[in-house]
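Have a look at the structure below before the remarks.
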Amino acid sequence: PSLVFSGDFSFESGERAFSSYVKLDPFVRPTALFAASDLMALGFMRRAFLNGCSIPEEISVVGFDDISIASITHPQLTTVRHPFIEMGEEAMKHLLRKLNGGNPVDHDRELKNTLIVRETTLKV
């Protein structure tokens with residue numbers, strides 16, 4: 001629990017997470033961070049940069065969402081991409097089935113996220 005930093009998916013909560021991170025004993029500080037959103041990861045990265053913490057050399061950072069700015073930051077953010085188009089297609093199929101009197105969930109289609117490896121992570 002001491003290694004989980006709460007946030008609200010915002011840039012500012014990522015900055016607050018970095019403040020919590022640096023308060024940890026250096027011997028127990030994690031070497032990688034997974035943020036629940038790219039904005040949180042970018043907030044963490046900004047605060048790290050301002051405090052002289054090197055990414056990915058001191059800590060690897062991974063976000064979630066693959067927002068457009070993730071690929072143009074420096075370093076470029078490693079992130080997880082959702083299959084948004086497929087998610088929308090499946091949602092529409094379920095809605096149309098329901099509107100036409102059918103069962104909206106007559107099958108499950110597994111949609112997979114994709115890890116997009118960029119520059120904020122080191123190879124193990």
Could you give the side-chain donor-acceptor pairs of residues 35-49 under 3.5 Å, partners two or more places apart or in another chain?
from: Ser37; atom 1: OG; to: Phe9; atom 2: O; distance (Å): 3.0
from: Ser37; atom 1: OG; to: Met40; atom 2: N; distance (Å): 3.1
from: Asp38; atom 1: OD1; to: Phe64; atom 2: N; distance (Å): 2.8
from: Asp38; atom 1: OD1; to: Thr79; atom 2: OG1; distance (Å): 2.6
from: Asp38; atom 1: OD2; to: Asp66; atom 2: N; distance (Å): 2.7
from: Asp38; atom 1: OD2; to: Ile67; atom 2: N; distance (Å): 2.8
from: Asp38; atom 1: OD2; to: Thr79; atom 2: OG1; distance (Å): 3.3
from: Arg46; atom 1: NH1; to: Glu15; atom 2: OE2; distance (Å): 2.9
from: Arg47; atom 1: NH2; to: Glu15; atom 2: OE2; distance (Å): 3.1

query = When clusters are formed from ILVMFWY side-chain contacts under 4.5 Å, directly or step by step, what else is grouped with Phe27?
reply = none
Identify, with sequence neighbours excluded, every residue that meets side-chain hydrogen bond (donor to acceptor under 3.5 Å, both in side chains) alongside [X].
{"X": "Ser54", "result": "Glu57"}
{"X": "Ser10", "result": "Asp8, Ser13"}
{"X": "Asn51", "result": "none"}

Do [X] and [Y] sit in the same hydrophobic cluster, where Ile, Leu, Val, Met, Phe, Trp and Tyr count as joined when their side-chain heavy atoms come under 4.5 Å apart?
{"X": "Phe34", "Y": "Phe18", "answer": "no"}
{"X": "Ile69", "Y": "Ile55", "answer": "yes"}
{"X": "Val61", "Y": "Leu24", "answer": "yes"}

Mind checking the [atom1]-[atom2] spacing from [X] to [Y]? Nearest 0.5 Å is all I need.
{"X": "Leu115", "Y": "Thr121", "atom1": "CG", "atom2": "OG1", "result": "7.5 Å"}
{"X": "Glu86", "Y": "Glu90", "atom1": "CD", "atom2": "CD", "result": "9.0 Å"}
{"X": "Thr114", "Y": "Arg81", "atom1": "OG1", "atom2": "CZ", "result": "6.5 Å"}

query = Got more than 12 heavy atoms from elsewhere within 6.0 Å of CD1, Ile85?
reply = no
ask   = Do you know the tightest heavy-atom contact between Leu122 and Ser60?
value = N-OG, 3.2 Å
message = Could you report the tightest heavy-atom contact between Cys53 and Ile59, atom names first, then the distance?
response = SG-CG2, 4.0 Å
ask   = Would you say the side-chain atoms of Gln76 pair up with the backbone N or O of Ser71, donor to acceptor, closer than 3.5 Å?
value = yes
key: For Thr120, the option from Thr73, Leu33, Thr78, Val62 that meets side chain to side chain contact (heavy atoms under 4.5 Å, CB included)   = Thr78
task = Taking the side chain as every heavy atom from C-beta outward, state whether Ser2 and Val28 have any atom pair closer than 4.5 Å.
result = no
message = With side-chain hydrogen bond (donor to acceptor under 3.5 Å, both in side chains) as the rule and sequence neighbours excluded, what pairs involving residues 17-31 come up?
response = none
